[in-house]
Participant: 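I have a structure I would like to understand better, so I am pasting it below and will then ask my questions one at a time.
Quick caveat, the model's predicted, so the values are computed rather than measured. Reminder, nothing fancy here: chain letters follow the sequence lines and each chain counts from 1. Atom set for the values below is all heavy atoms of this structure, side chains included, hydrogens, waters and symmetry mates excluded.
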Protein chains: 2
Amino acid sequence: MPDSLRRFKADIFQALAHPTRIAIIELLEDGELSAGDLMEKLGMEQANISQHLAVLRSKQLVVNRKAGNQVFYSVRDPIINKVLALMRRYFQKHLKEALGLLDEMDGSTIPTDR
Amino acid sequence: MPDSLRRFKADIFQALAHPTRIAIIELLEDGELSAGDLMEKLGMEQANISQHLAVLRSKQLVVNRKAGNQVFYSVRDPIINKVLALMRRYFQKHLKEALGLLDEMDGSTIPTDR
DNA sequence: TTGGAATATTCGATCCTTCGCATATAGTAT
DNA sequence: ATACTATATGCGAAGGATCGAATATTCCAA
């Protein structure tokens with residue numbers, strides 16, 4: 001496989017390699033949301049959300065639709081949702097080790113994923 | 001979902017977010033290989049391969065088995081292979097746009113993935 | 001046409017990643 | 001013990017990612 005193709009895949013993983021961007025994709029799984037919706041649900045700076053959306057857009061993981069003042073985002077291809085679903089399974093399977101890997105153990109109860 | 005879990009997933013994507021590490025995982029899909037085998041097949045610096053293997057190990061994506069002088073690596077959980085298989089489907093589906101995204105078009109024929 | 005709301009972009013500081021080079025460790029054989 | 005092979009680790013330079021603050025753009029309403 002040529003290196004350019006490997007780079008393409010790596011870029012997509014790179015786009016997913018941030019907690020906020022994962023949160024965005026997962027929030028969008030149930031349907032489109034505006035940038036403002038995401039900002040509110042995630043409780044982060046407007047500029048920051050917009051920057052993360054720009055990353056996801058640049059790799060074509062999300063598409064956007066303008067409606068007046070607002071911009072609505074959705075996941076472009078359900079394959080990406082499947083990838084995240086697989087990751088959830090992976091996480092559940094390796095929950096113990098996963099917790100061991102986490103830097104901060106905040107003593108909360110075992111979380112159920114999503 | 002707590003942020004720590006999002007970070008866990010992001011870390012795994014981060015581990016996959018490099019062309020060389022993707023190549024390693026894909027090479028390991030058919031069975032275990034030694035670090036030397038990988039070095040030879042990928043034609044990269046010994047230290048570099050070892051560093052990438054360290055990343056994959058630290059996120060527990062691969063496991064290793066010592067046999068005398070050598071260290072044999074394999075993918076820990078087939079779910080990771082499934083994730084890469086999905087990515088291959090994704091790539092084929094969006095081949096045209098993908099090529100548009102690639103920086104360097106070297107004029108070669110349309111590649112068949114793997 | 002001025003104002004306000006929603007979103008995007010630019011900038012600079014800080015941190016993280018990646019690489020090659022050099023060196024360290026571990027196993028094997030002589 | 002010595003030497004050799006396989007693999008890992010430490011280091012420093014170069015480039016890339018992330019953030020908040022400030023600013024720009026776009027659209028609508030009065």
Participant: Whole angstrom is fine here: how far is it from NE2 in A:His18 over to C1' in D:dG16?
Facilitator: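 It is 13 Å, rounded to the nearest whole Å.
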Participant: Salt-bridged, B:Glu26 to A:Lys9, with N to O below 4.0 Å?
Facilitator: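 Yes, this pair counts.
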Participant: Take atom CD1 of A:Ile49 and atom C1' of D:dT18, then tell me their distance rounded to the nearest Å.
Facilitator: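 Checked: the CD1 to C1' distance equals 13 Å.
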Participant: From CG of B:Leu42 over to P of C:dG20, roughly how many Å is that when rounded to an integer?
Facilitator: 13 Å
Participant: Scan A:Ala35 against the nucleic acid and name what it touches under 4.0 Å (heavy atoms): base, sugar-phosphate only, or nothing.
Facilitator: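 The residue A:Ala35 makes sugar-phosphate contact but no base contact.
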Participant: Given D:dA8, is OP1 or OP2 found less than 4.0 Å from the side-chain N or O atoms of B:Tyr73?
Facilitator: yes
Participant: Classify B:Phe72 by what it touches in the nucleic acid, base, sugar-phosphate, or nothing, heavy-atom distance under 4.0 Å.
Facilitator: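 No contact.
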Participant: Let me spell it out: for each of A:Asn69 and B:Asn64, pick the nucleotide of DNA chain D with the closest heavy atom. Which residue's pick is nearer the 5' end?
Facilitator: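 Per heavy-atom nearest nucleotide, the more 5' residue is B:Asn64.
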Participant: Nearest whole Å is fine: how far is D:dA29 C1' from A:Gln70 CD?
Facilitator: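 A:Gln70 atom CD is separated from D:dA29 atom C1' by 15 Å.
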Participant: So, A:Arg57 versus A:Tyr73: side-chain donor-acceptor pair below 3.5 Å or not?
Facilitator: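 Their side chains do contain a donor-acceptor pair, which is all the 3.5 Å distance test asks for.
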Participant: Measure the distance from CG on B:Asn48 to P on D:dA8 and round it to the nearest whole Å.
Facilitator: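 To the nearest whole Å, that distance equals 13 Å.
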Participant: What are the two closest non-hydrogen atoms of B:Leu86 and A:Ile79, and how far apart are they?
Facilitator: O-CG2, 3.8 Å
Participant: How many whole angstroms separate atom CD1 of B:Ile24 from atom P of C:dT18?
Facilitator: 11 Å
Participant: Between B:Glu29 and B:Lys82, does at least one N-O distance fall below 4.0 Å, as a salt bridge requires?
Facilitator: no
Participant: To the nearest Å, how far apart are A:Arg21 CZ and D:dT18 P?
Facilitator: 4 Å
Participant: Among the nucleotides C:dT9, D:dA8, C:dT17, which one has an atom lying closest to any side-chain atom of A:Ala47?
Facilitator: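 Nearest listed nucleotide: C:dT9.
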Participant: Choose from C:dT7, C:dG20, D:dC19 the nucleotide whose nearest atom is closest to any side-chain atom of A:Gln46.
Facilitator: C:dT7
Participant: Using a cut-off of less than 4.0 Å, is there contact between a side-chain N or O of A:His52 and OP1 or OP2 of D:dC19?
Facilitator: yes
Participant: Measure CG/B:Leu53 against P/D:dT9 and give the value in whole Å, please.
Facilitator: 11 Å
Participant: Classify the side chain of A:Gln51 and the base of D:dG20 as holding, or not holding, a donor-acceptor pair under 3.5 Å.
Facilitator: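 For A:Gln51, whose side chain was compared with the base of D:dG20, there is a donor-acceptor pair (under 3.5 Å).
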Participant: Could you tell me which non-hydrogen atom of A:Leu53 sits nearest to which non-hydrogen atom of A:Ala35, and how far apart they are?
Facilitator: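 Smallest interatomic distance, heavy atoms only, reads CD1-CB, 4.0 Å.
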